[in-house]
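The chains referred to below are lettered A, B, ... by the order of the sequence lines, with proteins before strands, and numbering in each begins at 1.
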There are 2 protein chains.
Amino acid sequence: MAPTSEILTAERILEATEDVLRRHGPAKATVVDVARALGVSHGSVYRHFRTKAALREAVTKRWLDRTSGELSGIAAGDGAPEARLRDWLAALFAAKRRKAGGDPELFATYTVLTGENGAAVGEHIADLTSQLTRIIQAGVETGDFAAADPQATARAVFQATGRFHDPSYAREWEEPGAEADFRAVVDLLVRGLRP
Amino acid sequence: MAPTSEILTAERILEATEDVLRRHGPAKATVVDVARALGVSHGSVYRHFRTKAALREAVTKRWLDRTSGELSGIAAGDGAPEARLRDWLAALFAAKRRKAGGDPELFATYTVLTGENGAAVGEHIADLTSQLTRIIQAGVETGDFAAADPQATARAVFQATGRFHDPSYAREWEEPGAEADFRAVVDLLVRGLRP
DNA sequence: CGGCTGACAGATTTCAATATCTGTCATTCC
DNA sequence: GGAATGACAGATATTGAAATCTGTCAGCCG
C-alpha cells in the first residue's frame, strides 16, 4: 500500500472502497481503511465525498448500474416481445443468482448496502421497470400483448417475479425447484399478458 | 402474579409465553420470565417444553395456524372459482396488513419468531398453497381455469403474490399504491389462469 | 409416586470503560 | 492557491468482567 503518486480522484476512491468492502465486509469497512488503502489521509477522502454514507451510496449506485446495463441490451432488442420478455426475466434471475452464488460474502455486503440506500434502490427499480415497460409496450404495438396501462403492468410483472430477483430470497435460489418455480410464474404471467 | 393454583398445562404456558413476548419482545423474553408470570419455577416449564426453542416454535405454530384457519373458510366456499381466488388472496393480504398495521411491535415479534422457525413456516406455506390448490382445482373442474398441474400453478400464484403476504414487505403495505399494485398483480394472474 | 423446586455449570447477555471512527478545520506543502 | 494533512470533539464500536439465562438433576412435598 505504498502511497500511489497518481492524482486522487473520486473514481480511485470508489475502487478502493469496493476493495475494502470486499476485504472487511460492510460492518467493518471504515473511511480510515479506504484512506490507508490509497496511502492518503482520511481527510482527503472527505474532500470528494461529504460523508461516509455518500461514499457508500456512490458504490451502491455503481453496482446497481452495472446490473441495469447488462439487461438494457435485451430490453432494446428486436426479437418477438414475448421471447424478449422471457429472456429479460431469465437474464435478471440468472444475473442475480450468479452474483449470489458466486461470491456469497460480497453479495451479502451489497445486500447490506442496498438496504442502507433506499433511494438508490428505488431508482434502480424504476430503471428496470422502465425497461420492462418498453418490452410490454412493444408487445402491445405488435398485438402480442394486451395491457391497458403498460407501465402498471410492467410494475406488476416486476413485483410478481420479486422472489426471483429480490436479494432477500437469495437463499432459495439454489434450491432444487427454483428453476421450475421461476418458469411456472413466468408462464402464468406471459399467459396473462396475451390478448 | 400470584401463583395461580390451577394445574400447569402446555396450553397455559403457551398463553403466558405469548404475553411475555408481547410485553418484552422476542429478544428479551426469557423462560424465567414465563415461569415468573405463571408463578412457577422455570424448571417446571422445561417439563412441558424440552428447550426454549421448542417453546417458541410452539407459539409460532399457534399463531400461523390461526391465520390459516381464517382463510380455510374461503377456500372451502362454493362461489365461482375466480371470485373465490380473488377473495382468498384479498383476505390473505388484508389479514397480514391488519396484523402488521394494527400492532407493529407484536408483528415484528412474530416476524422474528417465523424467521427462527423455518420448519413451522414451511408447513404453514404448504397449508396455504394446498388451500390455493383446492380453489384452482375447482376452477379447472368447472372450466373457469386452465392449469396442467394445479399444485404447481397454486405454488406459482402464491409466490407471485409474495410481496403482498411476505412479512419482509410489510413496510410497503401501507404505501399509497399498494392496493392498486395488488389488484394489478392479481388481475394479471387471473387472466393467466383462464383457458 | 409424580409434578415441582432450586442450586448448579456452562453459555449468553449486559454494562461501563476504553479504543476507534467520523466529520471539521486551521495549518502545511507544493 | 488549491489540494492534502493531522489534531480534535463528539459519536460509535470493542472489550472484558459481572450478571443473567438455559438446561439438568437430585431431592422435596403433597
Side-chain angles (χ1 to χ4, degrees), chain A residues 1-60 105 108-109 112-113 115-117 119-120, chain B residues 1-60 105 108-109 112-113 115-117 119-120:
Chain A
M1 300 310 132
T4 317
S5 58
E6 269 177 74
I7 277 189
L8 187 61
T9 67
E11 181 64 20
R12 281 188 65 221
I13 293 174
L14 287 175
E15 243 135 55
T17 306
E18 285 186 355
D19 256 27
V20 169
L21 281 166
R22 216 185 304 277
R23 263 200 274 288
H24 301 345
K28 302 179 78 180
T30 72
V31 176
V32 172
D33 288 332
V34 173
R36 195 170 16 238
L38 288 162
V40 300
S41 81
H42 75 278
S44 302
V45 173
Y46 279 97
R47 174 163 302 283
H48 292 84
F49 296 92
R50 264 202 314 304
T51 64
K52 182 190 187 183
L55 174 56
R56 287 165 81 108
E57 181 178 13
V59 170
T60 308
E105 279 194 44
T109 291
V112 171
L113 288 188
E116 286 170 6
N117 285 83
Chain B
M1 302 309 137
T4 318
S5 57
E6 269 179 74
I7 276 190
L8 186 61
T9 67
E11 182 64 21
R12 281 187 63 220
I13 293 174
L14 288 175
E15 243 135 55
T17 306
E18 284 186 356
D19 256 27
V20 169
L21 280 166
R22 216 184 306 275
R23 262 200 276 287
H24 300 345
K28 302 178 78 179
T30 72
V31 176
V32 171
D33 289 332
V34 173
R36 195 168 20 238
L38 288 162
V40 300
S41 84
H42 73 280
S44 302
V45 173
Y46 279 98
R47 174 163 302 284
H48 292 86
F49 295 93
R50 263 202 315 300
T51 64
K52 182 189 188 185
L55 174 57
R56 287 164 81 109
E57 182 178 12
V59 170
T60 308
E105 280 196 44
T109 292
V112 170
L113 288 188
E116 287 171 5
N117 283 83

Who pairs with [X] by side chain to side chain contact (heavy atoms under 4.5 Å, CB included), at least two apart in sequence or on another chain?
X	answer
B:Val31	B:His42, B:Val45, B:Tyr46, B:Lys52
A:Glu11	A:Thr9, A:Glu15, A:Arg62
B:Asn117	B:Glu57, B:Thr60, B:Ala120
A:Thr30	A:Val32, A:Asp33

* Where B:Pro26 and B:Leu21 come nearest, the two heavy atoms and their spacing -> CA-CD2, 3.8 Å
Can you give me the N/O atom pairs linking the protein to nucleotides 18-28 of chain C at distances under 3.5 Å, or say none if there are none?
{"unit_1": "C:dT22", "atom_1": "OP1", "unit_2": "A:Val31", "atom_2": "N", "d": "3.2"}
{"unit_1": "C:dT22", "atom_1": "OP1", "unit_2": "A:Lys52", "atom_2": "NZ", "d": "3.2"}
{"unit_1": "C:dT22", "atom_1": "OP2", "unit_2": "A:Val31", "atom_2": "N", "d": "3.1"}
{"unit_1": "C:dT22", "atom_1": "OP2", "unit_2": "A:Val32", "atom_2": "N", "d": "3.4"}
{"unit_1": "C:dG23", "atom_1": "OP2", "unit_2": "A:Tyr46", "atom_2": "OH", "d": "3.1"}
{"unit_1": "C:dG23", "atom_1": "OP2", "unit_2": "A:Lys52", "atom_2": "N", "d": "2.5"}
{"unit_1": "C:dG23", "atom_1": "N7", "unit_2": "A:His42", "atom_2": "NE2", "d": "3.3"}
{"unit_1": "C:dG23", "atom_1": "O6", "unit_2": "A:His42", "atom_2": "NE2", "d": "3.0"}

* For atom CG of B:Leu8 and atom P of D:dG30, their distance in whole Å -> 17 Å
* Interatomic distance, A:Leu38 CG vs D:dA4 P [rounded to whole Å] ->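 Rounding to the nearest Å, CG of A:Leu38 and P of D:dA4 are 11 Å apart.
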Answer yes or no: is there a donor N or O on one side and an acceptor on the other, between the side chain of [X] and the main chain of [Y], under 3.5 Å?
X	Y	value
B:Ser44	B:Val40	no
A:His48	A:Leu55	no
B:Arg56	B:Leu113	no

Show the distances under 3.5 angstrom between N or O atoms of the protein and N or O atoms of nucleotides 10-19 of chain D.
none

* **Phosphate contact (D:dA4 OP1 or OP2) by A:Ser44 side-chain N/O below 4.0 Å** => no
